[in-house]
Amino acid sequence: MKSSVIIFPGSNCDRDMDVALNKFGFKNKMVWHNDNVIPKSDLVVLPGGFSYGDYLRCGSIAAKSNIINSVIEFANKGGLVIGICNGFQILIETGLVTGALLRNKYLKFICKNIFVKANKSHNKYFNKIKKDVLELHIAHNDGNYFCSEDDLKTMEDNDQIAVRYCDINGEISDNSNPNGSIQNIAGVFNKKKNILGMMPHPERVIDNCLSSNDGSYFFENLLSNMK
Amino acid sequence: MKIKVIVTPKKGVLDPQGKAIQQTLNSMNFIDVNEVRQGKYFEINTNLEDEKDAKKNVEDMCKKLLANLVIEDFEIL
């Protein structure tokens, strides 16, 4: 399976994602934001970081990069696209997924492991993962997910909420909400569920010598669905 | 010609920075302040000479880049 990770000026999780994808069997290529064409890929990843120094709004400048037109075209044809953290912010700014990411509720940059519950129905990202609660990592200043009530209802009706923050026992509550996101939302799908945007970083937790190995389930599951 | 734009968080959208500023002002004894909303201000110099054309162009810029209409409103001054 072939993947492409897009590098923007200020991306800083691009190499981690490259390591993770290669570890789990993808043949990954790094693609510069100024290129116009994505190499033949089964998966495109917009990595985390601080593209363009988060100027104007996080992800807003990167969303106008040369490569983005190809990403949109790839996504609209049903290609799998993942945006992690800043990549999620970029997806939001392109309009490929719904909503907005506001400054964290308590105005703090949050960098820690958190627990999430993933939506396993009818999607290639989480469907066969056996574990109910995943321990992933977040590191962001603007991850406070927001959308209008109408959009929230539409997304809930279409089962587009991908990931929610929870506690170690899987309970979803205000206490397990690190950044003020509505409904504890940590990630969403587009309507067809080929696009996933989420704040947590699976690529940071892919080995037991790191703080968690739960990101491995994500990549293994994704790959198993693509073979 | 210079066109000025103000972008503000939409009503009902949480503005944690505005809230923190309000609390600080209150703690500085500006006890009358009951809300602060923090926005952005842009000055755009354009080669267009017709004000109507220039403002129309800036409106397009606001919709496409300067504001995120999910969470922000804009006003061309």
Would you say [atom1] of [X] has more than 12 non-hydrogen atoms from neighbouring residues, nucleotides or ligands within 6.0 angstrom?
X	atom1	answer
B:Leu77	CG	yes
A:Glu156	CD	yes
B:Glu43	CD	yes
A:Lys105	NZ	no
A:Lys64	NZ	yes

Q) Tell me, side chain or backbone of A:Leu102 under 4.5 Å from chain B's heavy atoms, or both, or neither? A)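 Contact with chain B is through the side chain of A:Leu102 alone.
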Q: Under 4.5 Å heavy-atom distance to chain B, tell me which part of A:Asp151 shows up: side chain, backbone, both or neither.
A: neither
Q | Most contacts with chain A, counted as non-hydrogen pairs under 4.5 angstrom, among B:Lys40, B:Lys10, B:Gln17, B:Lys64 | A | B:Gln17
Please report the interatomic distance [atom1]([X]) to [atom2]([Y]), rounded to the nearest 0.5 Å.
X	Y	atom1	atom2	result
B:Glu72	A:Arg57	CD	CZ	5.5 Å
A:Leu107	B:Lys19	CG	NZ	11.5 Å
B:Asn68	A:Cys58	CG	SG	11.0 Å
B:Leu65	A:Ser60	CG	OG	5.5 Å

Q. What heavy-atom pair brings B:Val70 and A:Phe146 nearest, and what distance separates the two atoms?
A. O-CE2, 4.0 Å
